[in-house]
*Asks:* 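Quick one: structure below, then a few questions.
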Amino acid sequence: AQSVSQHNHHVILSEAASLELGCNYSYGGTVNLFWYVQYPGQHLQLLLKYFSGDPLVKGIKGFEAEFIKSKFSFNLRKPSVQWSDTAEYFCAVIAGSSASKIIFGSGTRLSIRP
Amino acid sequence: GAVVSQHPSRVICKSGTSVKIECRSLDFQATTMFWYRQFPKKSLMLMATSNEGSKATYEQGVEKDKFLINHASLTLSTLTVTSAHPEDSSFYICTPDRVGTDTQYFGPGTRLTVL
């Protein structure tokens, strides 16, 4: 079965530090990849997505992610985090060109020290 | 504005009662709706896929008799938690199938607390 792994459960950074959150998936075929953010008390919001084309995807709020097919990875990055980035981050995948179920990773809690 | 709505947003009930959660797609027709649950500080777990006019498909380990799903129209899917118990307390989220588009809208969620 398809799965998504996020190995960082909780990341604590200071403001202005650089961020990289890992995401690996297990599926050998076509995938659509997503990063979602959930701010405290709010519902999921889409940060960015990869469907095809340029493997370096830029999203909202200065986030970007790179799809590396050979590594089955889709890591999320931000060069300089802000206190307002404190949230839960979820990597997700739709496996297969005709599938539509989104499978989520376990999430990474990001805490930013002001 | 909101594209997917859920009602109620929050519900507290006694153990043994049933609770119905509605999910509506406001701006488009949703042939298929996905239902997720999210435990505190945990990820979203896909529970089932509801299809308009037919039976829902449940993920492994999800009790179909406990979590009744009805998808009576192209804009409304309902999840009924029957004979709720405290371990059913969770955050339930719906999202319509948007295959073929690059946008996935999630409902705002329903927080269920079973006393």
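Naming convention: chains lettered A, B, ... in sequence-line order (proteins, then strands); numbering from 1 in each chain.
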*Asks:* Just checking K66(B): does its NZ atom have more than 12 heavy atoms from other residues, nucleotides or ligands closer to it than 6.0 angstrom?
*Replies:*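 Buried by this count: over 12 neighbours within 6.0 Å.
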
*Asks:* Atom NE2 of residue position H7(B) - does it have more than 12 heavy atoms of other residues, nucleotides or ligands inside 6.0 Å?
*Replies:*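 At most 12 heavy atoms, drawn from other residues, nucleotides or ligands, come within 6.0 Å of this atom.
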
*Asks:* Among the clusters formed by ILVMFWY side chains lying less than 4.5 Å apart, do V81(B) and W35(B) turn up in the same one?
*Replies:*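 As far as the 4.5 Å side-chain criterion goes, W35(B) and V81(B) are connected within one cluster.
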
*Asks:* E59(B) versus chain A, heavy atoms under 4.5 Å apart: side chain, backbone, both or neither?
*Replies:*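 The side chain, not the backbone.
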
*Asks:* Quick check on Q38(A) against chain B: is it the side chain, the backbone, both or neither that has a heavy atom closer than 4.5 Å?
*Replies:*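 The side chain, not the backbone.
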
*Asks:* So which atom in F106(B) and which in I102(A) form the shortest heavy-atom distance, rounded to 0.1 Å?
*Replies:*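 Shortest heavy-atom separation between F106(B) and I102(A) comes out as CZ-CD1, 4.2 Å.
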
*Asks:* Of the backbone (N, CA, C, O) and the side chain (C-beta and beyond), which part of L46(B) lies under 4.5 Å from a heavy atom of chain A, both, or neither?
*Replies:*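 The side chain, not the backbone.
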
*Asks:* Is it the case that one hydrophobic cluster holds both M45(B) and I103(A), taking links as side-chain heavy atoms less than 4.5 Å apart, direct or via other members?
*Replies:*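 Result: no, two separate clusters.
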
